[in-house]
**Q** 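I have a structure I would like to understand better, so I am pasting it below and will then ask my questions one at a time.
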Amino acid sequence: MTFLDKNNIDSNLLHIGNKLLSWYKKNARDLPFRQTKDPYKIWICEIVFQQTRINQGLNHYNNFIRRFPDVQTLAEAEENEVLLYWKGLGYYSRAINVHKAAQQVMNDYDGVFPSEYEEILKLKGVGKYTAAAITSICFDGKIPAVDGNFYRVLSRIFADDFDISNSRAFAYFSELATLILPENVGDFNQAMMDLGSEICKPKNPLCGECPLRENCLAYSLNKISEFPVKTKKVKSEDLHLKYYFVHRNGQFLVRQRKDDFIWKKLFEFPVVIPEELEAFSKEVKTINHKLTHKNLTIEISNVEVASEPAWNNFIAQNQYLITDFEASHEKSFPKPLENYIQNKNQK
DNA sequence: AACTCGGGGCG
DNA sequence: CGCCCAGAGTT
């Protein structure tokens, strides 16, 4: 049974939101973007931490802000440098979009970050969640920033079995959130995130420390583990990639990927080589790399080109980029290829 | 409305 | 080894 179907909604649920706020005042995590209302910094942090744990993205966020401290600096940067600062984070379209959006702010808003929800929503890579987060945190907007934490916390508080894999879940839990929405929505949104990640965790939640324990229906029913309900399971497919690490005198060949598949616009090694070079192929390394939706097997043939004419000929007939171990640090490679290069360099 | 896009950490 | 994470864009 979903809560909004129950027809017995307590008209005064606001004390739940306020209780959460008072907990947040004492227990807020000390994060680098908590001391500012600069919409640029809040925007960047919201993009960085989409589908990304705080611990995983914290260094990337700090390095990104240090290199691109404001919208104009980001807008004027080269896309490849933005991608470089996204290296290893995953979901690389975020980097491409955040760069384009910075140029949107410069061109369409005269370099001033928009303050209206509908305008912020127009920025590339900014969806309903992120627009709500920015407006509430920076501009006192009264919109709940519904994310995975909201799904989990609200479904437990109301013992609500609305399927979070349903495409209407965002609208449903947004409505549910408004029932407990206090005056300070910016802090409320951040409080839900802290509660969701520190207390109301997906597994083994710390209900003993939860400020909303007395208001939590799932807890009182001893059914915490049954919420949230998620029916749709993600399947992983097998994917096989074959690369040639073509090198000579410390130099090796790379090319940039397209933006239509995995690892958008990241760099990789040649995928095919002529038979003449195949003869130089030595050991083959097989790397198993796990992505969320794919079981990836990467086969990399080590090709040390012993013949200088063959090397020059191959370069002349293809559009590969020549790099070396030093310069490769200025390109963004997928994690497994990054590891492969580092391993080669140590030999 | 369903699919796709990374990588890390946890039980 | 499956699940989840400060979701958004595409089809």
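Values below: all heavy atoms of this structure, side chains included; hydrogens, waters and symmetry mates excluded.
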**Q** Could you tell me the separation between the CG atom of A:D147 and the C1' atom of C:dC5, rounded to a whole number of Å?
**A** 9 Å
**Q** Are A:Y40 and A:F113, when compared by the centres of their aromatic rings, separated by less than 6.0 Å?
**A** no
**Q** Look at A:H289 and B:dG7 and indicate whether a side-chain polar atom (N or O) is within less than 4.0 Å of OP1 or OP2.
**A** yes
**Q** Which residue lies toward the 5' end of DNA chain C, A:K233 or A:I54, if each is placed at its nearest nucleotide?
**A** A:K233
**Q** Measuring from the side chain of A:S167 (C-beta onward, heavy atoms only), which nucleotide among C:dG7, B:dC5, B:dA1 has the closest atom?
**A** B:dA1
**Q** Can you tell me how far P of C:dC4 sits from OH of A:Y91, to the nearest Å?
**A** 13 Å
**Q** Should A:K230 be listed as having a side-chain N or O under 4.0 Å from OP1 or OP2 of C:dC4?
**A** yes
**Q** Rounding to an integer number of Å, can you tell me how far A:K265 NZ sits from B:dC5 P?
**A** 17 Å
**Q** Is the centre of the A:Y320 ring less than 6.0 Å from the centre of the A:F314 ring?
**A** yes
**Q** As a test of reading the structure: which of B:dA1, C:dA6, B:dC5 is closest to the side chain of A:N149, going by heavy atoms?
**A** C:dA6
**Q** Counting the atoms with a prime plus P, OP1 and OP2 as sugar-phosphate, which does A:V126 contact under 4.0 Å by heavy atoms, base, sugar-phosphate, or nothing?
**A** sugar-phosphate
**Q** Indicate, with a heavy-atom threshold strictly under 4.0 Å, whether A:F33 touches base, sugar-phosphate, or nothing.
**A** base
**Q** Nearest whole Å is fine: how far is C:dA8 P from A:F170 CZ?
**A** 7 Å
**Q** Quick check: on DNA chain C, is the nucleotide nearest A:G125 upstream (toward 5') of the one nearest A:Q56, or the reverse? Name the residue that is more 5'.
**A** A:Q56
**Q** Any side-chain N or O of A:W263 less than 4.0 Å from the OP1 or OP2 oxygen of B:dG7?
**A** yes
**Q** For A:F33, does the six-membered ring have the charged nitrogen or CZ of A:K41 within the cation-pi criterion, i.e. under 6.0 angstrom from the centroid and within 45° of the normal?
**A** no
**Q** Any side-chain heavy atom of A:S301 sitting closer than 4.5 Å to one from A:F245?
**A** no
**Q** Using a cut-off of strictly less than 4.0 Å, decide whether A:Y92 has a side-chain nitrogen or oxygen near OP1 or OP2 of B:dG7.
**A** yes
**Q** Can you check whether A:R94 has a side-chain N or O nearer than 4.0 Å to OP1 or OP2 of C:dG9?
**A** no
**Q** Just to confirm, is there a sub-4.0 Å distance from OP1 or OP2 of C:dG2 to any side-chain nitrogen or oxygen of A:K235?
**A** no
**Q** Please confirm whether A:F64 and A:W86 have ring centers closer than 6.0 angstrom.
**A** yes
**Q** Is the shortest side-chain N/O distance from A:T52 to OP1 or OP2 of B:dG8 below 4.0 Å?
**A** no
**Q** Find which nucleotide of DNA chain B each of A:E237 and A:K203 is nearest to by heavy atoms, and output the residue with the more 5' nucleotide.
**A** A:E237
**Q** Atom CG of A:N288 and atom C1' of B:dG7: how far apart are they, to the nearest Å?
**A** 16 Å
**Q** Among B:dG9, C:dG7, C:dA6, which is the nearest nucleotide to the side chain of A:K290?
**A** B:dG9
**Q** Is there a donor and acceptor pair, one atom on the side chain of A:R34 and one on the base of C:dA6, closer than 3.5 Å?
**A** yes
**Q** Considering only C:dC5, C:dA6, C:dA8, which nucleotide approaches the side chain of A:T292 most closely?
**A** C:dC5
**Q** Taking the nucleotide of DNA chain B with the nearest heavy atom to each, does A:N204 or A:H293 sit closer to the 5' end?
**A** A:H293
**Q** Think A:Q51 has a side-chain N or O under 4.0 angstrom from the OP1 or OP2 of C:dG7?
**A** yes
**Q** Quickly work out the A:E46 CD to C:dA6 C1' distance and round it to whole Å.
**A** 5 Å
**Q** Is the closest side-chain donor-acceptor distance between A:Y244 and A:N302 under 3.5 Å?
**A** no
**Q** Rounded to the nearest Å, what distance is computed from the CD1 atom of residue A:I134 to the C1' atom of nucleotide C:dG7?
**A** 13 Å
**Q** Any idea which of C:dA8, B:dG7, C:dA6 is nearest the A:T130 side chain?
**A** C:dA8
**Q** Between A:D194 and A:Q190, is there a side-chain donor-acceptor contact under 3.5 Å, judged purely by atom types and distance?
**A** no
**Q** Mind checking if A:L89 touches a base, just sugar-phosphate, or nothing, with heavy atoms under 4.0 Å?
**A** base
